[in-house]
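Every chain is numbered from 1 and lettered A, B, ... according to where its sequence line falls, protein lines coming before strand lines. Just the heavy atoms: all of them, side chains too, but no hydrogens, waters or symmetry mates, feed the values below.
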Amino acid sequence: MYNKEIDKKWQKVWEEKNCFHATNDSDKEKFYALIEFPYPSGAGLHVGHVRAFMGMEVLSRKKRMEGKNVLFPIGFDAFGLPTENYAIKTGIHPRVVTDNNIATFTKQLKSVGFSFDWDRVIDTTDPNYYKWTQWIFLKLFEHGLAYKDKTYVNYCPNCRVILANEESQGGVCDRCDSQIVQMEKEVWMLKITDYADKLLEGLDEVNFPPRVRHEQENWIGRSYGAEINFKLNNKEDILTVYTTRPDTIFGVTYMAIAPEHPLLEKYKDEIKNYDEILKYKAEATKKSEFERVELSKNKTGVKVDGLEVLNPVSGKVVPLWVTDYVMMGYGTGAIMAVPAHDTRDYDFAKKFNIDMIQVVANSKGEEVSLEDGAYTDIEDGVIINSDFINGMSVEDAKAKIIKYLEDNKIGHSKKNYHMKDWAFARQRYWGEPVPIVKCEKCGLVPLDEKDLPLTLPDVEDFVPGEDGESPLAKVDSWVNTTCPKCGGPAKRETDTMPQWAGSSWYFLRYMDPKNNDALASKEALNYWKSVDCYNGGMEHVTRHLIYSRFWHRFLYDIGVVPTKEPYNKRTTQGLILGPDGDKMSKSKGNVVNPDDIVKQYGADTLRTYILFIGDYGMSAPWSENGVKGAKKFLDRIMRLEALATDEDITSKELDREVNFVIKKVSQDYEDMKYNTAIAAMMSYVNVLYKQNKVSKKYIKPLLQILNPVAPHVTEELWEKLNLGGYIFESKWPTYDESKIVSDEIEIPVQINGTVRYRINIPAQSDEKEIEKIALEAPALKNYIAGKEIKKVIVIKSKIVNIVLG
RNA sequence: GCGGGUAUGGUGGAAUUGGCAGACACGUCGGUCUUAGAAGCCGAUGCCGCGAGGCGUGAAGGUUCAAGUCCUUUUACCCGCACCA
């Protein structure tokens, strides 16, 4: 019987032999398997972690047995709010909280038997690690990709921090689900938009699941259109708009700008209803992003009394409106409104009785009724009411207008992105300090590389200030410093880096985790190159996965790393749901603790069950009975000892079965189809149990292919059967294809598509021979009943279908 | 609104990509062993029907000798994005 003593015995052996250590000076082929390193929360290891890690665990153990030098590292992404909030609540220093949590995680991970390289553990909060996070920041600054800017940022009033766009999707805080508000603040930004095209192009050279690719493309959101300069009527100023439909410019009946648009402030003396506009702006900023979207059907706005806009192509003068359906953060914060062909403009125009001009007709050139809404189904439409572009297709008209704009210097073609620059600041203590000081004379000055790491001061009060002020701001002795350039008085940046900083490059540190002279040596970077397979969750696709690709591509551009993309292949695991089918959560009380399963059933039971639960990429509910089934299977493996014999008994059937299961499991592991791999091994065990005695040669390869899933059980039985050395050192078994095919096979015969009888045929029979056997079968007579055979379809070694009429 | 996914026995899930639907496992039932129970081992188990047979992959159509798989329409649930100009 399998028990947890077996776990302990072999975990001790692995630890003593340090047998999963990867070396940097190997002449073996390398394989780099990566899992998303965990955040060491107080809640400890979750069954979701186990599922996420098991995929790469199985692959790593298999590749080692195949003779590869496997890097399968683990570390901790330990900066972040929960630890800090816990510190605030209890008064325990975040350093201590983090160390305790890491110790717990380490113990738990080891108890599951993961084959991590424990010599390469990294911790993002270790100054020797964040030294290099700060170094990369200095490089970004040096190349103009880190800048300080006063803009509207997402602020979570509950967490009291600024959030990046990626962290506030849906207008809700990633951490606490609070409604975020817009706040004008000067913060550090990273110019990720400069890398938008590179991030899109990079997707062509990696193997990501289509879902992941789509989400990233969607998030980056590139669109092609034009920027057009409209002149304010009788004024010098221009109003620049971005549009993807320059071909509809003759349909513009009004212009609209965001409430935050600077033009309003500039012309406040000439705008007659400025008070009304100010009031509208105040209301708009008060609305959360969520409300703005919810109320999207009911458009609001104020007409700007005193300003009008001149259409530079048609020469028409149209009114200017302020409305919160135009966002300051996208495009130029101003639009040319074409109500006939845009649903939002249509709704607005309907409500405020603004004219509509139809400028695109259907493909037959007929005007369409605008009674029921804007006509947007215009891909194959024809331009009308539009002077020199009349009669053209939409596509041609776009090109012609853009050329006209450029010739007349009133606009140009323009790419736009949904993705915004990365608000790279947290007003918190537990994060990487920004290695920049503000000097009265020299402005923003970077620290010298030799002065890194800039460590966090030891403080006792971690409570953030009321208005988005970091707790570091209270530490005068730390804040006040001297300028590295002029030696005069200077102040340190008191915002820290966001959660995502440390994880944006950690996979590079694993290659050479103790290096003090570089983030990793050139030799290490050139040997390991990039991650061969990276498994993680869908929730990181538009956060960590985008950020780390951005940093990596930047490091490539400045010659630090040898590859453009960090991850060659990305895979994702599905969620493990509670036994009730709901997402596991403390409040629902349906959380399964992996520790309990390991204690009661053993680590291999947990490992086997989690892989057997279903398709690796899909979510599946937890089942205690399923766990018991996995345990039963492992006990059956252990009991093979009683069946095993040293005698050399060869059986054709077992030859076929063993070669088949080696082939099937080897292939399934590569495809991450762990559930069917385990099912195949179960079937094989069922066959073995039908024998009175089984030669060890039929058990040995089974243990080897099961080893990546159940390393403790297989190591134990390997020893008991005296198979020599350790199983983890043994060579992955090969199979003989010729033994898998049998001489004679049975195939079904259908009459009019329904299986009626079966025939035995020599495996190599061709279509004619099979047809002959099928038609000669006595069973056919029962179905013919005077009918005539119209057609016989034979699919070699698969099926026969006889069509009777 | 846009994009992506899922739907198969009492349950979790398989199905070589158009070729035997339900592998494997759970559960249930039966057998064996046992003084007895548990465990183990062996067997049965999609539904209806005594049976021959019929029906069956969310629903409705279609293509095909053959459809879980392809096409059209549709429903439910999940995920991502969302006034993207």
Side-chain angles (χ1 to χ4, degrees), chain A residues 1 169-171 209-219 221-223 225 241-245 248 256 258 289 292-297 299 323-327 329-338 342-345 347-348 376 416-419 538-539 541-542 574-575 579 581 583 608-609 612-615 617-630 632-633 635-636 639 664 667 673 675-686 689-690 746-756 758 790-805:
Chain A
M1 289 280 275
Q169 300 184 14
R211 242 181 352 148
V212 173
R213 194 192 165 118
H214 280 135
E215 276 190 30
Q216 292 211 340
E217 284 172 342
N218 200 283
W219 183 256
R222 181 165 63 190
S223 66
V241 302
Y242 173 74
T243 178
T244 54
R245 297 299 308 276
T248 61
E289 197 171 314
R292 274 201 185 187
V293 174
E294 275 307 286
L295 300 170
S296 67
K297 283 185 191 90
K299 298 272 184 292
T323 172
D324 66 2
Y325 86 82
V326 177
M327 304 287 160
Y330 185 77
T332 61
I335 61 158
M336 57 174 228
V338 186
D342 180 285
T343 49
R344 294 152 302 168
D345 298 346
D347 293 342
F348 192 85
T376 54
N416 216 341
Y417 305 95
H418 159 244
M419 186 169 68
M538 280 306 291
E539 71 275 17
V541 169
T542 52
L575 240 44
K583 204 170 158 177
T608 306
Y609 173 62
F612 188 60
I613 194 168
D615 186 298
M618 300 227 263
S619 46
W622 185 268
S623 150
E624 191 74 17
N625 277 333
V627 177
K628 287 180 189 155
K632 200 170 140 187
F633 168 62
D635 284 337
R636 272 165 84 80
R639 261 186 251 109
K664 166 86 176 155
Q667 188 57 51
K673 290 166 76 174
N675 55 335
T676 51
I678 292 169
M681 290 186 279
M682 286 172 168
S683 295
Y684 180 64
V685 170
N686 290 343
Y689 263 74
K690 296 216 164 66
E746 190 191 66
I747 62 165
V749 179
Q750 298 179 327
I751 311 281
N752 292 340
T754 309
V755 177
R756 293 300 186 183
R758 287 157 189 287
K790 278 187 161 170
K791 205 172 173 187
V792 180
I793 290 117
V794 178
I795 306 298
K796 219 177 147 186
S797 72
K798 286 246 166 72
I799 203 166
V800 178
N801 192 9
I802 300 170
V803 186
L804 298 179

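An OP1 or OP2 oxygen of C20(B) is reached within less than 4.0 angstrom by no side-chain nitrogen or oxygen of R756(A).
Because its glycosidic torsion is more than 90° from 0, U16(B) is reported here as anti. Its glycosidic angle being more than 90° from 0, G68(B) falls on the anti side.
Annotation: side chain to side chain donor-acceptor pair (under 3.5 Å) contacts involving residues 794-805 of chain A, sequence neighbours excluded, are absent. Applying the side chain to side chain donor-acceptor pair (under 3.5 Å) definition to pairs two or more places apart or across chains, those involving residues 677-686 of chain A are R636(A)-N686(A).
For the side-chain contact (heavy atoms from CB on, under 4.5 Å) criterion with M336(A), the lone passing option out of D345(A), D342(A), T248(A) is T248(A).
For the P atoms, the distance linking A67(B) with G54(B) amounts to 15 Å, nearest Å. Going from the P atom of G56(B) to that of G10(B) covers 15 Å, rounded to whole Å.
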- Task: Spell out protein contact along nucleotides 1-15 of chain B as letters: B when the base is contacted, S when just the sugar-phosphate is, - when no protein heavy atom is under 4.0 Å; keep the 5' to 3' order.
- Result: ---S-------BSSS
- Nucleotide-resolved protein contact map, nucleotides 61-67 of chain B, B/S/- at heavy-atom distance under 4.0 Å: ----BS-
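Contacts of G629(A) with the nucleic acid, taken as non-hydrogen atoms under 4.0 Å apart, involve only primed sugar atoms and P, OP1 or OP2. Note on K632(A): only backbone sugar-phosphate atoms sit closer than 4.0 angstrom, heavy atoms only; bases stay farther off. N686(A) comes within contact range of the sugar-phosphate backbone alone, with a heavy-atom separation under 4.0 Å but no base atom that close. Residue contacts for T243(A): at a heavy-atom cut-off of 4.0 Å it reaches the sugar-phosphate backbone alone, with no base atom in range. Using a 4.0 Å heavy-atom cutoff across all strands shown, R758(A) reaches at least one base atom of the nucleic acid. Looking at heavy-atom distances under 4.0 Å, R213(A) makes no contact with the nucleic acid at all.
Across the protein-nucleic acid pair, R344(A) atom CZ and C83(B) atom P stand 9 Å apart, rounded to whole Å. With rounding to whole Å, K796(A) atom NZ is found 20 Å from G18(B) atom P. Rounded to an integer number of Å, the gap from R636(A) CZ to C24(B) C1' is 12 Å. Whole-Å rounding puts the Y330(A) OH to A82(B) C1' distance at 12 Å. Atom OH of Y417(A) and atom P of A85(B) are 14 Å apart (whole Å). Atom C1' of nucleotide G18(B) and atom CD1 of I799(A) are separated by 11 Å, given to the nearest angstrom. A straight line from CG of D342(A) to P of A85(B) spans 9 Å, rounded to a whole angstrom. A23(B) atom C1' lies 12 Å from atom CE of M682(A), rounded to whole Å.
Between the Y609(A) side chain and the S623(A) main chain, a donor and an acceptor come within less than 3.5 Å of each other.
Below the 3.5 angstrom threshold, one finds a donor paired with an acceptor across the side chain of K299(A) and the base of C83(B).
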- Test log, rule side chain to side chain contact (heavy atoms under 4.5 Å, CB included), inputs Y330(A) and N416(A): CA-CA 8 Å; Y330(A) 185 77; N416(A) 216 341; 4.0 Å; yes
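Comparing A85(B), C20(B), A23(B) by their nearest atom to the side chain of I335(A) picks out A85(B).
Taking a pair as Watson-Crick or G-U wobble with both distances under 3.5 Å, RNA chain B forms stems of 3 or more consecutive pairs at B:1-7 with B:75-81, B:10-12 with B:24-26, B:27-32 with B:40-45, B:46-48 with B:53-55, B:58-62 with B:70-74.
Every residue meeting the side-chain contact (heavy atoms from CB on, under 4.5 Å) condition with F348(A), not counting sequence neighbours, appears here in chain and number order: Y254(A), K299(A), W321(A), T323(A), Y325(A), F352(A), I354(A).
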